[in-house]
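Since the structure comes first, as structure tokens, the remarks are kept for the end.
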2 protein chains.
Amino acid sequence: MAGAPNIREVALRAGVSVGTVSNVLNRPELVAEPTRDRVYAAIEELGFVRNDSARQLRVGRSRTLGLVVLDVANPFFTDVARGVEDTANQHGLAVILCNTDEDPRKEASHLDLLAEMRVQGVLINPIDTDGRIAALRGRGTPVVLFDRLGDPDIECSVAVDDVLGGRLAAQHLVEAGHRTILFVGGPLTLRQVQERREGASSVVAAANGAVTMDVLTTTALNVAAGRAAGDRIAASAGRSSADGGGLPSAVFCANDLLALGVLQALTHAGIRVPADVAIVGYDDIDFAAAAAVPLTSVRQPRQQLGRTAAELLLAETMEEQHRHRQVVFQPELIVRDSSST
Amino acid sequence: MAGAPNIREVALRAGVSVGTVSNVLNRPELVAEPTRDRVYAAIEELGFVRNDSARQLRVGRSRTLGLVVLDVANPFFTDVARGVEDTANQHGLAVILCNTDEDPRKEASHLDLLAEMRVQGVLINPIDTDGRIAALRGRGTPVVLFDRLGDPDIECSVAVDDVLGGRLAAQHLVEAGHRTILFVGGPLTLRQVQERREGASSVVAAANGAVTMDVLTTTALNVAAGRAAGDRIAASAGRSSADGGGLPSAVFCANDLLALGVLQALTHAGIRVPADVAIVGYDDIDFAAAAAVPLTSVRQPRQQLGRTAAELLLAETMEEQHRHRQVVFQPELIVRDSSST
DNA sequence: CCGCGAGGCTGAATCGGTTCAACGCGGACC
DNA sequence: GGTCCGCGTTGAACCGATTCAGCCTCGCGG
């Protein structure tokens with residue numbers, strides 16, 4: 001009595017068998033109405049709550065799905081998470097949100113936990129492609145990659161074309177007359193950072209030497225790292241350009257958090273944005289528009305990314321014979337004050 | 001064989017009984033080394049992963065704890081979540097993060113799910129004090145309130161003194177010479193909003209008519225609502241003060257998201273911050289400092305709030321006879337450019 | 001009057017770890 | 001030689017919901 005009444009006590013109280021209670025819970029249309037009402041009444045009176053472990057044990061799989069992200073503090077990921085949640089909730093699934101902080105060890109331990117929980121599937125923006133993802137899949141748990149393309153033979157994935165995004169940003173700056181661009185981002189091991197840089201590089205290369213692009217590497221993709229980068233940029237303003245100094249005319253940041261940090265540091269140093277230096281960010285998080293110098297940014301369809309990823313996962317769990325798909329979204333440049341002439 | 005090997009297959013392969021395998025998993029010090037190694041080898045070879053449902057079913061409770069927040073997109077809550085996660089992980093617990101979007105129905109459905117999962121405990125910033133929280137507790141699941149004080153006889157809670165926070169903000173503005181203050185926040189049913197307003201009101205009242213404070217109610221606590229409020233403030237600038245128009249000399253926002261929205265709208269309308277209007281926010285999220293007009297804000301110890309809440313929860317699950325505690329943190333005013341003269 | 005089918009319900013088997021009483025065995029001690 | 005102890009291991013009972021073969025009842029057609 002203390003603690004949790006079980007299905008047997010409910011059955012006893014309603015004067016039926018446990019099988020009938022289970023039917024009321026799961027397939028009420030099979031049970032005659034008066035019986036059903038008696039069972040509902042008993043459940044109510046006892047305050048019965050189904051024990052999900054027992055259910056799962058019998059059924060074999062859970063009603064949850066795991067979402068593993070690099071950084072919950074980044075609004076980009078919380079927006080993706082919202083998209084995932086929407087789709088999952090519509091199908092009666094719960095989402096377990098795991099945060100890796102870009103740390104492979106945390107990623108590993110979260111994946112182990114999700115495996116033990118026998119989640120229906122995992123959505124992940126992987127750092128480390130260690131064997132765990134393959135192992136999960138080997139045990140029959142579908143894994144969908146998001147914000148990163150995978151091998152179409154073995155997995156579904158949803159991504160945004162980061163090379164194109166980089167190109168859009170750089171093109172915009174070049175067309176606005178900027179000739180010295182600085183790319184700020186890191187760590188360079190992250191594919192997103194690499195590809196955005198690559199896109200920008202291709203535009204610069206096409207200008208045949210008329211435009212130059214330097215790279216300032218950061219250790220993380222957050223506001224603090226952006227501030228540090230901004231301080232270095234401001235410090236270089238005093239030095240002659242022969243000395244590697246001089247302000248760039250534009251800064252392209254690998255994400256908005258960095259851009260906001262850079263913006264703050266530059267403003268603080270008395271450098272005007274966009275008059276002295278233009279800034280372009282990436283992701284178009286809500287705070288980009290909310291900055292007092294609204295940020296030009298490359299918009300990714302964040303919620304849709306999440307929704308689509310979840311849909312692919314559900315398709316994989318339900319379809320009889322599944323063909324892996326790759327979905328690639330196109331980013332879009334949103335021009336605001338930080339890069340207007 | 002397909003899918004998931006179980007503990008019996010491991011036992012068979014290692015040539016021991018299932019009991020021994022379980023001991024290796026849970027209390028390896030009881031098992032002789034050579035046996036242990038054979039079991040580990042078998043686990044490795046088969047790719048065995050413990051089925052957590054079965055474990056939970058037997059043991060009675062899970063190794064997870066639920067965290068229910070109003071809005072994952074608000075950095076305040078992700079910071080709290082990080083604090084909770086730190087503490088939980090140290091004790092080998094996982095955190096399930098649930099988002100209510102300030103919607104009582106979503107809150108209810110998440111609580112139902114957590115109940116079915118038999119989580120070790122729940123940390124919640126409740127909207128609706130419907131019976132579910134009491135019911136959970138009745139079934140033996142500890143529930144700790146955070147960012148809100150509860151009844152010390154029945155529950156633990158961790159909060160920050162919001163009345164004091166409101167007072168600090170208003171005091172700062174009054175001392176800086178502001179005489180017409182506008183409080184922006186809502187919905188007023190949220191206790192946090194109420195208390196911050198109340199604190200500010202008390203300061204205004206103490207000024208014996210020298211200072212006035214109006215209230216502009218918002219429908220939510222996010223950037224978009226802040227922008228809308230900012231637009232209304234800017235629109236009133238043109239009207240005479242007899243008409244209820246005229247700019248306030250300072251705006252105090254119930255949280256930083258609102259403040260950022262207001263800041264953006266005012267700047268966009270050509271109103272200078274802080275020269276024309278000063279702004280004070282609340283929470284001191286990272287973006288507050290990162291705004292191009294860095295925001296004066298009332299800082300809450302966000303991570304510590306999370307850590308402490310988790311510790312209280314753990315204490316309640318472990319202590320033989322538990323006495324509920326209320327922990328109240330003091331907020332701190334961080335003065336930045338948005339309110340400097 | 002009998003047979004048959006459908007609807008409604010029963011209850012035992014099942015899922016896979018955990019736990020614990022009990023057992024075997026070798027060494028120490030009297 | 002007998003007894004006792006403790007370490008290492010065993011294996012069956014158990015947790016609680018689900019499932020399904022099978023039972024009963026009732027109504028209808030032959």
Side-chain angles (χ1 to χ4, degrees), chain A residues 1-40 42-43 46-63 112-113 115-119 139-140, chain B residues 1-40 42-43 46-64 92 112-113 115-119 139-140:
Chain A
M1 312 301 103
N6 61 22
I7 203 174
R8 246 162 291 270
E9 299 175 39
V10 174
L12 195 67
R13 175 143 196 151
V16 297
S17 74
V18 293
T20 300
V21 177
S22 180
N23 279 334
V24 170
L25 257 25
N26 300 298
R27 300 189 301 281
E29 71 281 3
L30 293 187
V31 182
E33 201 179 317
T35 318
R36 216 191 303 160
D37 290 344
R38 281 208 325 278
V39 172
Y40 282 134
I43 288 176
L46 294 172
F48 166 76
V49 174
R50 205 216 257 88
N51 182 326
D52 200 54
S53 318
R55 175 206 183 91
Q56 265 181 231
L57 174 59
R58 186 68 241 262
V59 174
R61 60 201 161 70
S62 80
R63 277 150 48 246
D112 287 346
L113 205 70
E116 290 196 1
M117 294 178 108
R118 301 288 193 269
V119 292
R139 252 175 276 108
Chain B
M1 313 298 105
N6 61 23
I7 203 174
R8 249 163 287 270
E9 299 175 39
V10 173
L12 195 67
R13 172 143 198 149
V16 298
S17 74
V18 294
T20 300
V21 177
S22 180
N23 279 335
V24 170
L25 257 24
N26 300 299
R27 301 189 303 278
E29 71 282 2
L30 293 187
V31 181
E33 201 178 318
T35 317
R36 217 190 303 159
D37 290 343
R38 280 206 328 276
V39 173
Y40 281 134
I43 289 176
L46 294 171
F48 167 77
V49 174
R50 206 218 253 87
N51 182 325
D52 200 52
S53 318
R55 174 206 181 91
Q56 264 181 231
L57 175 58
R58 185 67 241 259
V59 174
R61 59 199 163 73
S62 79
R63 279 149 46 248
T64 56
D112 286 346
L113 205 70
E116 290 195 0
M117 295 177 108
R118 301 290 193 269
V119 292
R139 253 175 275 108

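Since the model is a prediction, treat every value here as computed from it, not as a measurement.
The neighbour count for B:R61 CZ, taken as heavy atoms of other residues, nucleotides or ligands under 6.0 Å away, does not exceed 12.
The CE atom of A:M117 sits 18 Å away from the P atom of C:dG16 (whole-angstrom rounding). Here the C1' atom of nucleotide C:dT19 and the CZ atom of B:R61 are 14 Å apart, to the nearest Å. The nearest whole Å value for the distance from the CG atom in B:L46 to the P atom in C:dG17 is 12 Å. With rounding to whole Å, A:I7 atom CD1 is found 15 Å from C:dC9 atom P. Separating the CD1 atom of B:I43 from the C1' atom of C:dG16 is a distance of 14 Å, rounded to the nearest angstrom. Atom CD in B:E9 sits about 8 Å away from atom P in C:dG16, given to the nearest Å. Separating the CG atom of A:N6 from the P atom of D:dC15 is a distance of 9 Å, rounded to the nearest angstrom. Computed from coordinates, the A:E116 CD to C:dG16 P distance equals 15 Å when rounded to whole Å.
Distance CG/B:D52 to CG/A:L113: 7.0 Å, rounded to 0.5 Å. Distance CZ/B:R38 to CZ/B:R36: 12.5 Å, rounded to 0.5 Å. Expressed to the nearest 0.5 Å, how far CZ of B:R118 lies from CD of B:Q56 amounts to 10.0 Å. In this structure, CG on B:N23 lies 8.0 Å from OG on B:S17, to the nearest 0.5 angstrom. The CE atom of A:M117 sits 5.0 Å away from atom CE of B:M117, with the distance rounded to the nearest 0.5 Å.
Nearer the 5' end of DNA chain D, as judged by each residue's closest nucleotide, is the contact made by B:N23, out of B:N23 and A:G19. If you find the closest nucleotide of DNA chain D to B:G15 and to A:V18, the one lying nearer the 5' end belongs to B:G15.
Nearest nucleotide to the side chain of B:V16, out of D:dT18, C:dT10, D:dT10: D:dT10.
Of the residues in residues 25-38 of chain A, A:N26, A:R27 come within less than 4.0 Å of DNA chain D through at least one heavy atom, sorted by number. Contacts between residues 51-58 of chain B and DNA chain D, defined by a heavy-atom separation below 4.0 Å, involve B:L57, B:R58, listed by number.
For the pair A:R27 (side chain) and A:V24 (backbone), a donor-acceptor distance under 3.5 Å is absent. A distance-only check finds no donor-acceptor pair linking the side chain of B:D112 to the backbone of B:A115 [under 3.5 Å].
You'll find the side chain of B:D37 reaches within 4.5 Å of the side chain of B:E33, heavy atoms only.
Nucleic acid contact for A:R8: base, since at least one base atom lies under 4.0 Å from a heavy atom of the residue.
Using a 4.0 Å cut-off, no side-chain N or O of B:T20 falls inside it from OP1 or OP2 of D:dT9.
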